[in-house]
Amino acid sequence: MIALVDCNNFYVSCERVFDPRLEGRPVGVLSNNDGCIVARSNELKSLGVEMGAAMHLLPPHIRRQAVLLSSNYALYGDMSRRVTLSLGEFSPHVEVYSIDESFVGFQGFDPATLEARGQRLRETVKQWTGIPVSVGLAPTRVLAKVANRAAKKIPAYEGVCLLDADGVATRSLLRELPVTELWGVARRTGERLALMGIETAWQLREADPKRIRRAFSVVPERIVWELRGHPAVTLGDMAAPKQQIMVSRSFGRLTGDPADLHEAVRQHAARAGEKLRRQGSVTSAVMVFVHTNPFQPSQPQYRNSVVVPLARPCDDTRDIAHAAARGLEAIFLEGYRYQKAGVMLLDLTADGHRQLSLDETPQTEAERIRRQRLMGTIDKLNRELGRDKVRLGVPRQDNAWRLRCERRTPRYTTRWSELVRVKS
DNA sequence: TCTGGGGTCCTAGGACCC
DNA sequence: TCTGGGGTCCTAGGACCC
């Protein structure tokens with residue numbers, strides 16, 4: 001059996017841990033740039049606010065009632081880590097699936113004890129971190145997702161729902177569940193399944209796996225097997241190094257100034273370099289992209305990207321930033337108002353496995369070590385003194401690409417200076 | 001004024017090889 | 001009238017996730 005442990009309305013719950021006045025009120029957390037809603041309390045859901053709703057399109061009466069906060073990723077990331085640590089007390093098999101969800105393996109545990117374990121897990125996480133979680137237990141990951149959904153929605157479960165492969169509860173839940181509510185089935189697949197007469201999870205479970213595979217691919221076929229209780233979905237090793245690293249942001253306001261784009265791209269390149277070194281990889285190609293605001297079709301539209309190969313795989317921010325700058329020059333056009341720029345590192349390999357190409361002069365060992373020390377020192381200073389204490393180049397004040405985040409709460413768990421805030 | 005950011009996996013199709 | 005067959009590798013794009 002496997003448990004899916006999912007934090008309830010995670011970002012909102014994090015905010016509530018540090019500000020109990022938010023309890024019982026409609027609370028929303030906004031995306032970067034305060035653009036749209038990415039987390040909602042139950043009270044906000046009841047007001048009919050959809051996930052992803054654009055902030056500037058919210059009706060005035062909702063804006064008056066609701067508490068809308070900028071996202072505080074430093075806080076959420078740290079709280080997530082604490083929840084994960086707590087889960088480790090209950091099983092040696094914890095797969096962190098996202099910032100607010102983990103699969104916890106209960107292979108070999110006495111099934112009769114699982115519901116009680118689930119309850120104890122909930123209570124423990126709540127007590128140790130302040131975060132409420134729901135627990136779905138089932139023989140497969142897809143069914144554990146279904147169980148988790150039931151644990152959240154049906155009060156009688158009290159936050160913990162255990163489903164077996166073929167029980168009465170499983171059948172009745174699957175019969176009621178629209179197929180697009182399943183993990184791995186979204187709108188596109190849902191539309192095509194509907195044409196085949198498959199609209200509920202139960203109907204998909206009863207479908208012929210071969211037929212599903214022919215019509216789609218192995219992905220939906222695996223879901224059929226999982227619904228029947230045969231494990232077919234295994235997660236890749238979540239701790240494995242990323243195969244690509246992306247850093248991109250929408251700008252705080254549109255800009256056509258090349259200096260703005262250059263600064264943004266340089267910052268993104270630096271952040272990407274940090275991520276790259278943290279996982280001990282090197283990159284051999286840097287992709288840069290820019291685009292205008294697609295939500296303003298009346299304005300001239302432009303989007304472009306370019307891949308800049310590196311002479312030699314590296315993890316040096318200076319090389320990455322230089323390549324990114326060249327890429328930007330290649331695709332930048334005057335006369336447009338840009339909304340977003342991004343940097344992506346491609347062709348990642350483990351450091352130490354880097355290959356020399358035939359025509360390059362090998363970097364001397366001393367030079368390599370010198371670079372490594374420099375980057376290591378910058379990363380260390382930034383870790384210890386706070387992000388961006390040391391960086392290449394200093395952005396101008398009031399640059400257009402700076403994020404808007406006017407409603408961010410203090411980073412309670414990672415910044416002393418913000419924890420002790422004296423209001424005058 | 002104003003609409004997020006960062007990933008993975010799979011498949012189809014082209015290039016290329018013998 | 002007629003133009004092989006099978007394999008690998010790579011890339012672009014689709015679909016999905018939170």
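Lettering of chains follows the sequences in order, A, B, ..., and the numbering in each one begins at 1. Just so you know, these numbers come straight off a predicted model, no measurement behind them.
Along DNA chain C, the stretch of nucleotides lying under 4.0 Å from any heavy atom of chain A spans, 5' to 3', C:dA15 to C:dC18.
Considering CG of A:Leu58 and CG of A:Leu30, their distance stands at 8.5 Å, rounded to 0.5 Å.
The residue A:Leu30 sits apart from the nucleic acid: no heavy atom pair falls under 4.0 Å. Nucleic acid contact for A:Arg253: none, since no nucleic acid atom lies under 4.0 Å from a heavy atom of the residue. A:Glu221 comes within 4.0 angstrom of nothing in the nucleic acid, heavy atoms only. Using a 4.0 Å heavy-atom criterion, one finds that A:Asn33 contacts no nucleic acid atom at all. Here A:Ser71 lies out of heavy-atom contact (under 4.0 Å) with every strand. Within the nucleic acid shown, A:Asp100 comes within 4.0 Å of sugar-phosphate atoms alone, with no base atom in reach, counting heavy atoms only. A:Gln244 comes within 4.0 angstrom of a base, heavy atoms only.
Geometrically, A:Arg141 engages A:Phe103 in a cation-pi contact, judged by NZ or CZ lying under 6.0 Å from the ring centre and within 45° of the ring axis.
Taking atom P on both B:dT3 and C:dC18, the two are 25 Å apart, rounded to the nearest angstrom.
Positionally, the nearest nucleotide of DNA chain B for A:Cys36 lies more toward the 5' end than for the other of A:Cys36 and A:Arg222. Residue whose closest nucleotide on DNA chain B sits further toward the 5' end, between A:Gln243 and A:Arg63: A:Arg63.
Contacts between residues 42-62 of chain A and DNA chain B, defined by a heavy-atom separation under 4.0 Å, are made by A:Ala54, A:His56. Of the residues in residues 204-218 of chain A, those lying under 4.0 Å from DNA chain B by heavy-atom distance are A:Ser217, A:Val218.
The aromatic rings of A:Phe18 and A:Tyr412 sit parallel, their planes meeting at an angle under 30°, below the 60° perpendicular limit. The aromatic rings of A:Tyr73 and A:Tyr11 sit perpendicular to each other, their planes meeting at more than 60°, with 30° as the lower class boundary.
Checked against the 6.0 Å centroid criterion, the rings of A:Phe106 and A:Phe90 do not qualify as a close aromatic pair.
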List, one per line, each side-chain donor-acceptor pair under 3.5 Å for residues 153-166 of chain A, sequence neighbours excluded.
residue	atom	partner	partner atom	Å
A:Asp164	OD1	A:Gly167	N	2.9
A:Asp166	OD1	A:Arg171	NE	3.3
A:Asp166	OD1	A:Arg171	NH2	3.1
A:Asp166	OD1	A:Arg205	NH2	3.0
A:Asp166	OD2	A:Arg171	NH2	3.4

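Residue pairs satisfying the side chain to side chain donor-acceptor pair (under 3.5 Å) criterion with at least one member in residues 245-259 of chain A, sequence neighbours excluded, are listed as follows: A:Thr255-A:Asp260.
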Completion exercise
Intra- and inter-strand pairing of DNA chain B, written as dot-bracket with Watson-Crick and G-U pairs under 3.5 Å and | for the latter, reads ....||||||||||||||
